[in-house]
Colleague: 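Before anything else, here's the structure in question.
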Amino acid sequence: MMTRLSILPGRVWWRRLGVMTAKEIRQLLRDPILLSFVVFIFTANIVIQGSSVSMQLNLAPLVVLDADHSAASRELIYRFRPPYFRLDGELDSPSKVTSALDRGQAMVALDIPPGFQEALLKGEPAAVQLQVDASHPVPGFLASSYGARIVGQFSLDTALAREGLSIKRPDDLPVVIDDQRILFNPNQKDTWFMPISELLEGITLFAILLPAAAMVREKERGTVEQLLVSPLTPFQIVFPKVIAMTSVILIGTTMSLLTVLGPIFHVPLEGSLPLFYFITTLYIFANAGLGLLIATIARNLAQVGLLSLLIMGPILLLSGLWSPSEAMPVWMQWATMASPMRHYIEVSFGIFLKGAGIDLLWDSVLAIGFLGVAIFLLGIRRFRGQFA
Amino acid sequence: MNARRILAVAHKEWRGILRDRLFFALAFIVPPALMLIFGYGLSLDVEHIPFVIVDQDRSALSRDYSYGFIGSRYFDFKGYAANERDLEPLLKDSKIRVALIIPPGFQRNLHAGRAAHVQTIIDGTIPARAQTTKGYVAAINSYFSMGLLAEHVSRLRGLPLREARQRVQPVDLEVRYLYNQSAKSIWSLAPKLIMLIMIFMPPLMTSVGIVREKETGSIYNIYSSTVSRGEFLIGKLAPYVAISSANIVVLWLLAVQYYGAPFKGNPFVFVVASVLFAICTTGIGLLLSVLLRTQLAAIVVTTVTTMIPALDYSGFLMPIEALDRGGGVVARLLPAMYYTNIVVGTFLKGGGWDALMGDVLILAGYAIALFIAGYVLFNKRPRA
């Protein structure tokens with residue numbers, strides 16, 4: 001009985017952990033610039049980015065080269081309307097069109113050749129051309145896709161009128177009509193997607209950087225030697241940093257939810273808030289493990305900076321927020337599975353917008369937990385190997 | 001200004017960088033490594049969207065229609081679902097992003113010359129992706145409908161199918177993708193990656209490099225020496241500008257040689273702008289280092305302040321025009337956007353001095369302003 005009890009941490013063990021945590025928190029409080037920066041990122045930064053960044057095609061500037069000047073060509077031009085397109089005027093020569101596109105003054109150019117209306121009346125094929133600036137692939141694609149839909153509808157309407165198939169009801173023709181439904185964000189607001197994304201990014205960056213930097217600072221200054229000769233175990237040295245940093249990040253997250261996401265952006269919280277906090281805590285621990293791992297490789301803070309760039313850049317950009325995970329090469333999709341952020345994004349959007357519960361999200365939660373424990377153990381092991 | 005003293009400071013800094021082997025190695029490994037990882041992984045093409053079909057009609061025509069989706073490279077068919085109730089958990093768990101429901105009577109209606117209704121359910125969590133998905137669905141739909149309509153007209157008028165097809169679709173649309181003819185995202189991505197990576201690196205190296213001297217106290221050697229603050233700043237930053245410029249060359253080679261991105265513009269413009277941009281980003285690091293006292297804060301603040309705006313306000317993922325007015329102002333206040341213009345201009349648009357002069361001048365102005373600000377704020381006799 002006694003031996004079994006002694007494996008469990010005793011009162012001294014907990015006190016040591018408590019004292020070390022208090023020390024870490026005090027040290028953080030001494031860096032007011034850093035703390036105010038954390039507050040900034042969790043509040044004002046989300047406000048700024050969340051409201052100004054839109055990933056959709058919005059009033060793409062369109063120029064027209066209308067060589068036909070007919071009723072038909074005007075009818076077609078008239079159909080390129082807001083919210084997707086903004087008619088920025090007619091140009092009279094191809095070279096002006098090219099220059100407008102080159103200078104980025106126009107994103108789309110519609111070119112209607114002479115004889116357009118005549119061809120349509122005679123029943124001959126008529127061609128129009130759409131030039132799209134594709135240096136940004138996503139809006140480029142969207143512009144051509146909307147453009148194709150507009151021209152397609154125009155084409156169909158013209159054909160039906162000519163064939164005398166003018167329809168009383170749209171159901172009188174053998175076509176497939178898609179009654180589309182968009183779930184979870186029916187109005188397609190970027191002001192839901194962006195603030196959540198920025199919050200998740202902030203949590204991730206701080207969760208990796210803060211513990212890594214705090215750990216290496218001790219190494220660089222040599223204070224870690226003092227800690228090692230004390231009766232503290234490696235775990236007791238490392239873990240209080242993680243606790244302190246996690247608390248800071250959780251406070252930041254709470255501020256963000258209470259002052260920005262809710263009141264300013266009206267982001268819905270369909271799922272359970274305690275579940276979100278539980279998973280976020282787990283996620284911060286997992287990332288802190290990554291930070292710890294960085295700290296065992298780096299010997300000074302400059303190295304921490306470069307190493308974390310190398311690790312955080314891919315974690316952020318390949319997380320699925322900015323580019324679809326499905327489009328990556330298969331081996332890379334597997335590689336991103338090892339990044340806790342990939343799972344965390346699924347969980348967070350699931351809880352915020354989709355109202356998903358633990359019954360659906362358990363696999364992602366398990367993955368975060370498993371990765372967290374594995375990374376953490378590896379970090380502690382390396383730490384012990386370096387010093388003990 | 002004394003050239004010898006500047007050289008001495010630069011020499012000392014360079015020796016410091018060299019001595020820290022890991023740091024030195026990372027300074028040259030990180031940029032190309034990021035370029036390779038992002039080049040492979042960061043595909044902006046929305047493809048392989050996972051989806052399921054609920055086919056309640058189970059007819060030849062409904063299978064035909066489904067095949068338009070199953071066979072498309074934009075969609076990744078995950079199987080048939082038995083009924084609509086099965087879809088919700090799949091969508092909530094992000095196992096699928098789209099579901100297609102074909103109700104009973106699909107074939108009967110179409111054969112009778114009536115419209116058939118189907119329903120697509122799209123996950124709208126990420127709006128831009130949902131928009132793209134809508135575009136694909138609409139394209140597949142309209143292609144199928146045109147086929148049906150052509151058959152209908154051909155039966156009605158007794159025309160051959162090909163002629164009927166042309167009659168129902170009198171206007172032919174030709175789409176030309178400019179600057180990126182095959183709409184390959186890597187071509188437009190690789191040049192912009194140069195910008196992205198080079199906005200991360202130099203500020204971090206610089207701010208940590210200077211704050212380290214402040215934190216360890218070695219800066220007092222500088223304070224008490226005859227080196228003026230201008231000489232110190234130039235000498236201190238020169239090695240970082242040099243490393244960054246060398247990295248830009250490496251990244252340029254990777255973009256052109258490895259990813260095959262076309263470089264059509266004036267190389268001289270690119271070189272001048274790149275050096276200016278390296279000076280700008282180093283200057284950002286300088287400015288941050290003046291404000292910060294601890295290396296810990298230097299790393300955290302520099303990484304976060306460069307990483308987050310670099311994604312949103314640089315024109316990396318989205319054109320600047322897609323930002324709202326406030327966002328546009330923020331973008332114009334940061335140097336990244338101008339360098340993006342230059343990179344995209346010289347790579348994809350074949351731009352030269354006449355097109356890009358303005359952007360280069362702004363970058364130059366930026367570089368000068370940053371250094372003046374750093375010079376004014378950096379004080380050899382700090383009060384604290």
Side-chain angles (χ1 to χ4, degrees), chain A residues 31 33-34 37 49 52-56 125-127 129-138 144-145 149 151-152 155 159 171 174-182 184-185 188 190 193 205 209 213 301-303 305-306 309-310 313-314 318 323-324 326-328 332 346 349 353-354 356 360, chain B residues 22-23 26 30 34 37 41-48 92-94 110 113 115 117 119-122 124-125 127-128 135 141-142 145 148 152 168-180 183 185 188 200 204 208 295-297 299-301 304 312 319 322-324 326-327 344 348:
Chain A
D31 204 336
I33 297 181
L34 181 65
F37 182 72
Q49 308 230 353
S52 65
V53 180
S54 163
M55 301 279 283
Q56 299 177 51
Q129 195 191 51
L130 203 61
Q131 299 186 68
V132 180
D133 178 349
S135 49
H136 286 277
V138 179
S144 78
S145 158
R149 255 184 275 175
V151 175
S155 168
D171 278 15
V175 290
V176 179
I177 297 172
D178 181 14
D179 306 322
Q180 214 156 51
R181 248 195 334 144
I182 297 201
F184 312 129
N185 188 351
Q188 292 289 284
D190 271 321
F193 169 70
L205 286 171
L209 274 175
L301 283 153
Q303 294 176 356
L306 292 188
L309 263 192
L310 187 60
L318 305 182
S323 70
E326 296 95 26
M328 285 187 233
M332 206 151 215
E346 242 175 72
F349 278 100
L353 298 185
K354 300 184 181 179
L360 288 175
Chain B
L22 183 62
F23 180 82
L26 283 172
V30 173
L34 288 180
I37 296 173
L42 199 67
S43 166
L44 295 173
D45 311 318
V46 180
E47 284 179 355
H48 309 298
K92 275 190 175 176
D93 200 15
S94 307
L110 289 173
H117 289 253
Q119 186 170 50
T120 47
I121 302 178
I122 299 177
T125 323
N141 227 355
S142 109
S145 293
L148 291 171
H152 184 67
V168 295
Q169 220 172 348
V171 183
D172 195 31
L173 175 71
E174 185 202 345
V175 177
R176 270 188 62 207
Y177 290 104
L178 299 177
Y179 317 122
N180 189 0
S185 64
S188 77
F200 291 164
L204 189 69
V208 177
Q295 290 186 72
L296 181 90
I299 291 180
V300 177
V301 173
V304 181
D312 297 338
L323 298 168
D324 74 351
V344 172
L348 301 172

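Scope of the values below: all heavy atoms of this structure, side chains included, with no hydrogens, waters or symmetry mates. To find a chain, count down the sequence lines: A is the first, B the second, and so on, and within it residues start at 1. Just so you know, these numbers come straight off a predicted model, no measurement behind them.
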Colleague: For the atom pair OG1 (B/T125) and CD1 (A/I182), what is the distance rounded to the nearest 0.5 Å?
Modeller: 10.5 Å
Colleague: Which region of A/S145, side chain (C-beta onward) or backbone (N, CA, C, O), has a non-hydrogen atom less than 4.5 Å from a non-hydrogen atom of chain B, or is it both or neither?
Modeller: side chain
Colleague: Examine whether an atom of A/D178 lies under 4.5 Å from a heavy atom of chain B, and if so say whether it belongs to the side chain, the backbone or both; otherwise answer neither.
Modeller: both
Colleague: Of the non-hydrogen atoms in B/G124 and A/F184, which two are nearest, and what is the gap between them?
Modeller: N-CD1, 4.4 Å
Colleague: Check each atom of A/I33 against the heavy atoms of chain B and say whether the ones under 4.5 Å are side chain, backbone, both or neither.
Modeller: side chain
Colleague: Non-hydrogen atoms of chain B under 4.5 Å away: do they reach the side chain of A/L353, the backbone, both or neither?
Modeller: side chain
Colleague: Pick from A/A302, A/S144, A/A127: which one has the most heavy-atom pairs with chain B under 4.5 Å?
Modeller: A/A302
Colleague: Side chain from CB out, backbone as N, CA, C, O: work out which of these in B/V30 comes under 4.5 Å of a heavy atom of chain A, or both, or neither.
Modeller: both
Colleague: Looking at every heavy atom in both A/K354 and B/K92, which two are closest together, and how far apart are they?
Modeller: O-CE, 2.8 Å
Colleague: Heavy-atom distances under 4.5 Å only: say whether A/L205 touches chain B with side chain, backbone, both or neither.
Modeller: side chain
Colleague: Output the option from B/V208, B/T120, B/I299 having the highest count of non-hydrogen pairs under 4.5 Å with chain A.
Modeller: B/T120
Colleague: Is chain A contacted by the side chain of B/L110, its backbone, both, or neither, given a heavy-atom distance below 4.5 Å?
Modeller: both
Colleague: If I measure from the heavy atoms of chain A, does B/D93 come under 4.5 Å with its side chain, its backbone, both, or neither?
Modeller: both
Colleague: For the CD1 atom of B/I37 and the CG atom of A/L310, what is their distance to the nearest 0.5 Å?
Modeller: 6.0 Å
Colleague: Sort out for me which of A/A126, A/A213, A/G152 touches chain B most, counting heavy-atom pairs under 4.5 Å.
Modeller: A/A126
Colleague: Working to the nearest 0.5 angstrom, can you tell me the gap between A/L309 CG and B/L26 CG?
Modeller: 9.5 Å
Colleague: Is any side-chain heavy atom of A/V151 closer than 4.5 Å to a side-chain heavy atom of A/L130?
Modeller: no
